[in-house]
Every structure is written in structure tokens, then in C-alpha cells.
Amino acid sequence: TLLIKKEFDSIRKKTGESYEIIIVEESRDRTPEICGKLSKKFREIRHIHSNVRLGKGGAIEKGIMAAKGDRIIFMDVDLSTPLDITERFVAKMKKSDIVITSRYNPISKIRRSFTRSIAGQLFSVLARIVFRTKMRDTKCGFKGFRKSVAKDVMRYVENKGWFWDTEFLLYAEKMGYSIDEMPIEWYERKEGNVFIVDNTMDMLMNVARLYWRMNIVNHRLKNVSSFDFI
């Protein structure tokens, strides 16, 4: 958190723009205590603790609704995406509705275990085939958008877990919002405890569920000009 604050302090000195850091967590360890102390020490840091399980998507939505500004960035806490891209990322946000980072851009540099790299690329190919999307990477944990855009798209997003990013971006794309995909350097910080097979099955179920729901939504909203689902 302090590294993020340092990066945005630097951007503020150059641009004069204010910022806030919102921490949303649902921990049962000392995390709430530590975050609470940070929010009391630094006026730019706000802390939101939940006593109920939110899931990744639920936590992001809670942060979006609490945000005071219109431009919002969210990132994974492990900082797999180096913070030195932040200034360029913020500049891109002034030109597009949504900005995302892509590990699968031809000029991106990533360091990841072989099995997770293959699984990630297979998901990317599957999403592009099933949903006919141009986006290469809907899951990388460094994204930005305008709050007004997020609130509009969130009306249709049902998944509150890890699939939230993908669902959000696919709806946003079909609704006609501009999406800029930025190449990055990305480093896997840890392997994690999720089994690849279980994760793959969950992925396939979410893709099938979203494909079905998108077609239902398209039928119901066929008179809404901002939608053009294929």
C-alpha cells in the first residue's frame, strides 16, 4: 500500500491531480488492524472491512461504489504488475472508457509457471472464439475505467468471484465502450493453492453460463441501441 501511495504521490506532483487509495478486505487475521492504522495515518488511504465473504468481484464493486473520483484503477495486492506503468496507464485513461493490461500482447514480457501460462493462454483463446472479442487478456489484475462506465456495466454483471473481470469487460465491449489494451511486464509472485483442473472446470462453467446469459440479455434488450450482441 505504501508503495502505491509513493507512486501516486509522484504522479500528483507532476499533474496536480488528487487521488485516494481504497483498501477493501474481508480478512480474519491482523489485516483489518493494519489497514485501519494506515487509513488513520494517511488521509489518502481509506479502509473498508467486510464481515461477510465478498469475493474478488464483490470487493471490486464495493470499492467502485465507495470511490469519490470518476477515474478508478484496481490492482492485485501482490503487485504482479510493476507500478512503474502507472503514469502511462493514467494518461491512457484520459482517452478511453476502459484501460486494461495484457500479458498476451506480443510485446509483453511475463514470467510465469509453465502450467499457468498454458492455462491462461487457452482461456484467452477460448474467450476470443466464444465471444468474438478482440481482447487478449481479460483477467490481468490491473485495470482502469470511469466510475460512470463501471456503474452502467455492473448492472449486468452477476459473477462476484474471479470471473468478474471477464464478464465486466465482455459486457462493456458489447455495449460499445472503448477499451485500450496495454502491454506490460508481469511477474507471477506465487503459485497459489488453486488446482489447475478445478480452476479449468470452473472456467468452462462460467464461460458457458455467460454465453447463455448474454444471449438472453440480448433478446430482452434488443430495442436498446447500445447493445449489439453477436
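We count residues from 1, following the sequence as given.
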Can you list the steps and then say if L122 with L126 is a side-chain contact (heavy atoms from CB on, under 4.5 Å)?
-> CA-CA 6 Å; L122 287 176; L126 178 64; over 6 Å; no
Quick check against the 3.5 Å criterion: does [X] have a side-chain atom that pairs as donor or acceptor with the backbone of [Y]?
X    : Y    : answer
R46  : A66  : yes
S102 : E181 : no
S178 : S96  : no
Q121 : Y104 : no
S108 : I184 : yes
R88  : T86  : no
K147 : A67  : yes
D78  : S80  : yes
N206 : D202 : yes
R103 : P183 : no

Within-4.5 Å side-chain heavy-atom neighbours: [X] and [Y]:
X    : Y    : answer
I100 : D137 : no
D70  : S148 : yes
E185 : D84  : no
M154 : W164 : yes
E167 : Y156 : no
V207 : F131 : yes
Y171 : M214 : yes
I4   : M75  : yes

Inspect the surroundings of NZ in K62 and state if more than 12 heavy atoms from other residues, nucleotides or ligands are less than 6.0 Å away.
->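 It does not: K62 NZ has 12 such atoms or fewer within range.
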Does atom CZ of R28 have more than 12 heavy-atom neighbours, drawn from other residues, nucleotides or ligands, at distances under 6.0 Å?
->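 More than 12 heavy atoms, drawn from other residues, nucleotides or ligands, come within 6.0 Å of this atom.
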ring-ring contact (aromatic ring centres under 6.0 Å, His included): pairs with one or both residues in residues 3-50, sequence neighbours excluded =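 Sorted result for residues 3-50: F8-Y19.
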Taking it one step at a time, do M65 and K151 satisfy side-chain contact (heavy atoms from CB on, under 4.5 Å)?
-> CA-CA 8 Å; M65 298 309 296; K151 289 175 67 177; 4.1 Å; yes
Taking [X] first and then [Y], would you say they form a salt bridge - that is, a charged N and a carboxylate O separated by under 4.0 Å?
X    : Y    : result
E61  : K160 : yes
E87  : K14  : yes
R12  : D9   : yes
D165 : K143 : yes

Honestly curious: do [X] and [Y] fall in one hydrophobic cluster under the side-chain, below-4.5 Å linking rule?
X    : Y    : answer
I64  : V149 : yes
L169 : V130 : yes
I21  : V24  : no
I129 : L210 : no
I48  : I73  : no

Gap separating the [atom1] atom of [X] from the [atom2] atom of [Y], nearest 0.5 angstrom:
X    : Y    : atom1 : atom2 : result
I34  : S27  : CD1   : OG    : 9.5 Å
I110 : S117 : CD1   : OG    : 4.5 Å
K56  : N159 : NZ    : CG    : 10.5 Å
E158 : R213 : CD    : CZ    : 4.0 Å
K134 : R128 : NZ    : CZ    : 13.0 Å
E20  : K68  : CD    : NZ    : 6.0 Å

Any chance the side chains of T133 and E173 put a donor and an acceptor closer than 3.5 Å?
-> yes
Show your reasoning for whether side-chain contact (heavy atoms from CB on, under 4.5 Å) applies to D76 and T81.
-> CA-CA 8 Å; D76 291 336; T81 304; over 6 Å; no
Taking the six-membered ring for Trp, are F145 and Y177 ring centroids under 6.0 Å apart?
-> no
Between [X] and [Y], what is the shortest heavy-atom contact and its length?
X    : Y    : result
M135 : I179 : SD-CD1, 3.8 Å
E26  : L54  : OE1-N, 2.5 Å
E25  : C35  : CG-SG, 4.4 Å

How are the rings of F89 and F142 set to each other: parallel, tilted or perpendicular (split at 30° and 60°)?
-> perpendicular
Going through the checks in order, is the side-chain contact (heavy atoms from CB on, under 4.5 Å) test met by L2 and L38?
-> CA-CA 9 Å; L2 294 180; L38 286 171; 4.0 Å; yes
